[in-house]
*Asks:* 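Here it is, the structure, as structure tokens.
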Amino acid sequence: MSDIASRVKAIIVDKLGVDENEVVNEASFTNDLGADSLDTVELIMEFEKEFDIQIPDDQAENIATVGQAVSYIENAK
Amino acid sequence: MELKRVVVTGLGALTPIGNNIEEYWEALVAGKSGCAPITYFDAEKFKTKFACELKNFNALDFFDRKEARKLDRFAQYAIVASDEAIKDSGIDLDVVDKNRVGVIWGAGIGGLETFQDEVINFSEGDGTPRFNPFFIPKMIADIAPGNISIRHGFMGANYTTVSACASAANAMFDALNNIRLGYSDVIISGGSEAAVTKAGMGGFNAMHALSTRNESPETASRPFDATRDGFVLGEGAGALVLEEYEHAKARGAKIYAEFIGGGLSSDAYHMTAPHPEGTGVVAVMQNCLQNAGLKPEDIDAINTHGTSTPLGDVAELKAIGKVFGDHAKNININSTKSMTGHLLGAAGAVEAISAILSMQHGIVPPTINHEHFDENIDSELNLTLNKAQKRDVNVVMSNTFGFGGHNACVVFKKLDE
């Protein structure tokens, strides 16, 4: 697992209180990991803080799974 | 239309002297102080370095980590105390008509720590607003009853009353009237507060409202003592299940007391200082007696607001003298804030609970830490000083007053079948 992927997963485990094993690339924040709309906003903010990037709202809407978050951040860095 | 009768069928408490009803009552009777140096943050630079914090409360004993993180402490306390009260009431949540169960809660401030931390975080940044999406829903004072209803599915009336330190009594009186008028069968009422934070301590210190007896925190809350120098900040929650009498009887509920009335008034005098003659306080007790259909002679005990402030304590006792006349000296007057500190918006709830339990047990908890008589206080009054007193209490009153001049009073009676 890349460094970015492991940091993303750690944030998701922390914020959503889910088991690490559940945080697979295909997992959807809302459908699989129990996030509501506010959780999703908080996750995006945490990614911005952790990786020192800006994720515009229209881009954030397209980040719905763990894998999408990892690849967005990898491209943004 | 005939008003319905309302009874108390469940109690819950999370206080600086006990984390449930049983512990709370034992500590009250024993005269235990809940005051100690502040542990939540470094208070070295604060004028007051002590408070009545909860002891051994761990949110993770009650919530999973994700849930706990989304709740300010004042909402966590509300849920924990109301869970205890609901369980104590024996209400079958699978049977009760949840459309007729409400939650009317009191909070003087709400999520002060959440507000403080988010604003600190913002001010330390570059001005870009990066507020947590849970900031507002964690902070707002009405989120406590909102969360209680979500937890249990109660779909009746749901809101928070805000009247500073009178908040919980306002909530209870609203709940009483709501059930009296037939709108609800059951209302979970009470109050919670979690203001032992840097902003809370600093703010109250700036008003010179708090005791600064740093050399002896456990004796700092000393209502009616001549050397009292301000209140001690407390925190926690009290919860009461209030239920329509026939509804309670039909399910064979244990009944602690009948909730027979309440009163409200305003000082209309000053933002924070009490009226020196206690005119608003006289009015609130008279309103309460009238609302409950009582004569002054019917009152056996009064749980005072009694915060241990120089002006407030004297004004309240003067007002009791005016309302009750010669009977005042027959009343067991006490201040449980001497032990719990001042729970602000939760005070009315934890003090009403003490008042109700004093009827049940025939014991009035003491006003601790009294050493010096204050010549401004009528020496004939029985202030239940330092030791609990046995007393057959049939009718008990509980006073609370809030900054802004809000006064609220509630009265409970042993149930006449």
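A quick note: this is a predicted structure, and the numbers were derived from the prediction, not measured. Chain letters run A, B, ... following the sequence lines, proteins first, then strands; residues in each count from 1.
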*Asks:* Starting at CG of Asn121(B), measure out to NZ of Lys49(A) and round the result to the nearest 0.5 Å.
*Replies:* 6.0 Å

*Asks:* Using a 6.0 Å cut-off, check whether atom NZ of Lys55(B) has over 12 heavy atoms from anything other than its own residue.
*Replies:* yes

*Asks:* Considering only NZ, NE, NH1 and NH2 on the basic side and carboxylate oxygens on the acidic side, decide whether Glu42(A) and Lys70(B) come within less than 4.0 Å.
*Replies:*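 Looking at Glu42(A) and Lys70(B), the cut-off is not met.
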
*Asks:* How close do Pro137(B) and Leu38(A) get, counting heavy atoms only, and between which atoms?
*Replies:*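 So the two residues come closest at CG-CD1, 4.0 Å.
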
*Asks:* Should we say atom CD of Glu22(B) is surrounded by more than 12 heavy atoms from elsewhere, each under 6.0 Å from it?
*Replies:*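 Incorrect, the count does not exceed 12.
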
*Asks:* What part of Arg65(B) lies closer than 4.5 angstrom to a heavy atom of chain A: side chain, backbone, both or neither?
*Replies:* side chain

*Asks:* Does atom CG of Asp64(B) have more than 12 heavy-atom neighbours, drawn from other residues, nucleotides or ligands, at distances under 6.0 Å?
*Replies:*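 Counting other residues, nucleotides and ligands, CG of Asp64(B) exceeds 12 neighbours.
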
*Asks:* Would you find more than 12 non-hydrogen atoms of other residues, nucleotides or ligands less than 6.0 Å from Asn31(A) atom CG?
*Replies:*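 Atom CG in Asn31(A) is crowded, with more than 12 foreign heavy atoms closer than 6.0 Å.
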
*Asks:* For atom OH of Tyr183(B), decide whether the heavy atoms of other residues, nucleotides or ligands shown that lie under 6.0 angstrom number more than 12.
*Replies:*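 For Tyr183(B), atom OH is not crowded (no more than 12 foreign heavy atoms under 6.0 Å).
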
*Asks:* Side chain to side chain contact (heavy atoms under 4.5 Å, CB included), that's the test. Do Val18(A) and Lys66(B) meet it? Break it down for me.
*Replies:* CA-CA 9 Å; Val18(A) 289; Lys66(B) 183 185 173 193; over 6 Å; no

*Asks:* Checking heavy atoms, do the side chain of Asn132(B), its backbone, both or neither come under 4.5 Å from chain A?
*Replies:*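 For Asn132(B), backbone and side chain are both near chain A.
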
*Asks:* List the atom of Lys15(A), the atom of Arg69(B), and the distance in Å for their closest heavy-atom pair.
*Replies:* O-NH2, 2.6 Å

*Asks:* Chain A heavy atoms under 4.5 Å from Phe135(B): which part of the residue, side chain, backbone, both or neither?
*Replies:*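 Contact with chain A: none, neither part.
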
